[in-house]
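Notes follow the structure.
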Amino acid sequence: MTKIVIVGGVAGGASAATRARRLDERAQIVLFERGPYVSFANCGLPYYVGNVIKERAKLAVQTPGSLHARFDLDVRVSSEVVAIDADAHEVTVRNLQTGESYTETYDKLLLSPGAEPMRPPLPGADLDRVLTVRGIPDVDRITNLLTQRSAKRCVVIGGGFIGIEMAENLCERGLDTTVVEMASHVIKSLDADMAADLHQELRKNGVALRLGTGVTAIREADGALEVLTSDGEALPCDFAILAVGVRPESTLAQAAGIACGPRGHILVDDHLRTNLPDVYAVGDAIQVVDFVTGADTAIPLAGPANRQGRMAAENMLGGDCRYTGTQGSSVVKVFSLCAASTGLTEEAARAQGITYDKTYLTQGHHAGYYPGARMMGLKILWDPQSGKLLGAQAVGPEGVDKRIDVVATAIRFGADVRDLASLELCYAPPFGSAKDPVNMAGFVAENVLSGKLQQFFPEDVDDLPRDGSLTLVDVRTPGEHARGAIDGFVNIPVDDLRARLDEIPADKPVYLHCKSGQRSYIACRILTGLGYDCHNLAGGYDRYSAAKRG
């Protein structure tokens, strides 16, 4: 009989425990969890604060009792594993309620300690009303501030997933909410040009943004707090939330001699084994391989942690499951918008010296003639030589997750960007278009790779010479042009183009744009067919103006 000891519950540990039981009814499985909850919906915590999830009990996905009843698991909460003796194959456990310590032997040991919110070394970060969000006790403290102490103002420090989800839900609860983010944009898994849509949505709903701004200190003032920023502001609030990232909880592993990476993440092989015999690790605490680039990275997401737990259980019981990497597929709700991404961003590609091409697409999330269609923006990155898909981002209403899931699947199976054009996807007017946005992105990439389309991008627009060496044309309607135009672009609607060719010199390159890039592509094809050298603004005026607003 195999005895499996698991350190840490929630995603990775609980998944491993239940999978191990389904594989081996006779195995002895002991799960230690330092906190009071063994399996809870940590991704649902902001929505409990926002009163979207109304019953606190729904956050507890499983309890020690339910896991014992269904899976015959020995689950011990409020039990901290404080030491590992790899030679003796045993762990030392401290009961946090009684203070008692004891040892437990194992045949196989799985570490799933997760990651803890970072508290940067700035003055005031340890004040009582400077909070982090990791577990149910954290949101209990926040909801107590809202209900018992009638908090009205909050500053969220950090614009990642947790920071933005907390900002939305606090705002929905009626709080004056400010997000302070050191980077130029929120949500690191998006590029700045795509995150710009989220900035507009946050501001529209009352969230104040302080982008490109650091926090220098937090101090108590008149019974409240003040968050001091790098640009000299003092932001008053009743409490602050630190959401500046996480660090791996690998202290136990390091003390046991388990090899860790430069940022403290536990090193594992493709079977999720550490360097110690019979010791495995999964979840936010481990270093993984970036599926797209093959580089070492760390991506703390629940989906990969669950899959790793399942695989580790297989391998601890003699299986041969190989974890081939993480591509970082993610989605976040921001009021009425969703933002999703997978694979590389431009910023990540540049940082790693990876050459890429890209395009943008703006299209309705379902058929335009069916009521309620709203526009979504889709951005695709690919290798300009091979066409290999590198990444994708999308921002819009319903259906954003679906499109990124399709591209994520294509990346996982090594697709060429041109393969997107031939995917057969579901279509009915309430759900999509006969030419789905994913198909359309493939069509655009086909045109670029075959030389039928030359693109320029929003970041290129302001640097285009306005000295007459180029012809700059806006092919939108006069009404659209009047509501907002790019300096130097002459308005010639696409439907008037053939009749006004005398205004477009044939011996100069022509740079065109419309609202989204579709009409200007048609204009490019007209002019290219007549011998002109044409370039189309990818993403059109909408993407350019969004990027300019920031």
Item to check | Those residues that, when tested against K388, pass side chain to side chain donor-acceptor pair (under 3.5 Å) (two or more places apart) | outcome: none
Checklist entry - Could R412 and F291 be counted as a cation-pi pair, given that NZ or CZ must be under 6.0 Å from the ring centre and within 45° of the axis? => result yes
Item to check | Taking every non-hydrogen atom, the tightest pair across M376 and V400 | outcome: CE-N, 3.9 Å
Item to check | Contact check, side chains of P493 and R500, non-hydrogen atoms, under 4.5 Å | outcome: yes
Checklist entry - Quick one: side-chain hydrogen bond (donor to acceptor under 3.5 Å, both in side chains) pairs with a partner in residues 483-492, sequence neighbours left out? => result none
Checklist entry - Under 3.5 Å, is there a donor-acceptor pair linking the side chains of D462 and Y544? => result yes
Next on the checklist: Between L211 and V186, is the side-chain contact (heavy atoms from CB on, under 4.5 Å) condition met? List the steps.
Outcome noted: CA-CA 8 Å; L211 301 174; V186 302; 4.1 Å; yes
Checklist entry - Going by distance alone, is a donor N or O of one side chain under 3.5 Å from an acceptor N or O of the other, for N447 and Y521? => result yes
Checklist entry - Any side-chain heavy atom of V133 sitting closer than 4.5 Å to one from I142? => result yes
Next on the checklist: Using the side chain to side chain donor-acceptor pair (under 3.5 Å) criterion, which residues pair with D496? Sequence neighbours excluded.
Outcome noted: none
Checklist entry - What distance do R129 atom CZ and L145 atom CG have between them, rounded to the nearest 0.5 Å? => result 7.5 Å
Next on the checklist: Does atom CZ (R310) have a neighbourhood of more than 12 heavy atoms from anything else shown, all under 6.0 Å?
Outcome noted: no
Next on the checklist: Are the side chains of L45 and D138 in contact, using a 4.5 Å heavy-atom criterion?
Outcome noted: no
Checklist entry - Going by an N to O cut-off under 4.0 Å, is there a salt bridge joining R543 and D197? => result yes
Checklist entry - Which heavy atom in A441 sits nearest to a heavy atom in L378, and how many Å separate them? => result CB-CD2, 4.0 Å
Checklist entry - Strictly by modelled atom types, are Q62 and S66 linked by a side-chain donor-acceptor pair under 3.5 Å? => result yes
Item to check | Heavy-atom side-chain contact between D284 and V246 under 4.5 Å | outcome: no
Next on the checklist: Ring centres under 6.0 Å, that's the criterion: do H513 and F489 meet it?
Outcome noted: yes
Next on the checklist: Applying side chain to side chain donor-acceptor pair (under 3.5 Å), can you list everything that pairs with T213, at least two apart in sequence or on another chain?
Outcome noted: none
Next on the checklist: Looking only at side-chain N and O atoms, does D290 offer a donor or acceptor that is under 3.5 Å from a partner on T297?
Outcome noted: no
Checklist entry - Of all heavy-atom pairs between G364 and P437, which one has the smallest distance, and what is that distance? => result O-CG, 4.1 Å
Checklist entry - So, for T345 and S189, which heavy atoms are closest and what is the spacing to 0.1 Å? => result CG2-O, 3.2 Å
Item to check | Which residues share a side-chain contact (heavy atoms from CB on, under 4.5 Å) with P137, sequence neighbours left out | outcome: P36, Y37, R141
Item to check | Greater than 12 external heavy atoms within 6.0 Å of R466's CZ | outcome: yes
Checklist entry - Does the side chain of L449 reach to within under 4.5 Å of the side chain of V417, using non-hydrogen atoms? => result yes
Checklist entry - Strictly by modelled atom types, are S520 and N536 linked by a side-chain donor-acceptor pair under 3.5 Å? => result yes
Checklist entry - Where do M194 and Y360 land on the side-chain contact (heavy atoms from CB on, under 4.5 Å) test, with the steps shown first? => result CA-CA 10 Å; M194 300 298 286; Y360 303 88; 4.3 Å; yes
Next on the checklist: Around atom CZ of R149, are there more than 12 heavy atoms from other residues, nucleotides or ligands closer than 6.0 Å?
Outcome noted: no
Item to check | Neighbour count >12 (heavy atoms, 6.0 Å) for atom CE, M118 | outcome: yes
Checklist entry - Can a salt bridge be assigned to the pair D191 and K379 using a cut-off of 4.0 Å between side-chain N and carboxylate O? => result yes
Item to check | Pairwise side-chain contact, R153 with L235, heavy-atom cut-off 4.5 Å (strictly under) | outcome: no
Checklist entry - Can you find a pair of side-chain heavy atoms, one from L537 and one from P458, that are under 4.5 Å apart? => result yes
Next on the checklist: With rounding to the nearest 0.5 angstrom, report the NZ to CE distance, K515 to M375.
Outcome noted: 7.0 Å
Checklist outcome for this item: For A408 and Q327, the nearest pair of non-hydrogen atoms, with its separation, is O-NE2, 3.0 Å
Next on the checklist: Please determine whether the number of non-hydrogen atoms from other residues, nucleotides or ligands lying under 6.0 Å from atom CD of E116 exceeds 12.
Outcome noted: yes
Checklist entry - Got a sec, which pairs hit side-chain hydrogen bond (donor to acceptor under 3.5 Å, both in side chains) with one end in residues 160-187, sequence neighbours left out? => result E168-K333
Item to check | Distance-only polar pair, side chains of Y511 and D460, donor-acceptor under 3.5 Å | outcome: no
Checklist entry - Run the side-chain contact (heavy atoms from CB on, under 4.5 Å) check on D419 and F413 step by step: do they pass? => result CA-CA 11 Å; D419 293 330; F413 289 100; over 6 Å; no
Next on the checklist: Does the plane of the ring in Y370 sit parallel, tilted or perpendicular to the ring in H366? Use 30° and 60° as the thresholds.
Outcome noted: perpendicular
Checklist entry - Counting only heavy atoms not in Y356, do more than 12 sit closer than 6.0 Å to its OH atom? => result yes
Next on the checklist: Give me the atom names and distance for the closest heavy-atom approach of A298 to H265.
Outcome noted: CB-NE2, 3.3 Å
Checklist entry - On the ring face of F457, is K358 found with NZ or CZ under 6.0 Å from the centre and within 45° of the axis? => result yes
Item to check | Side chain to side chain, R374 and L337, heavy atoms closer than 4.5 Å | outcome: yes
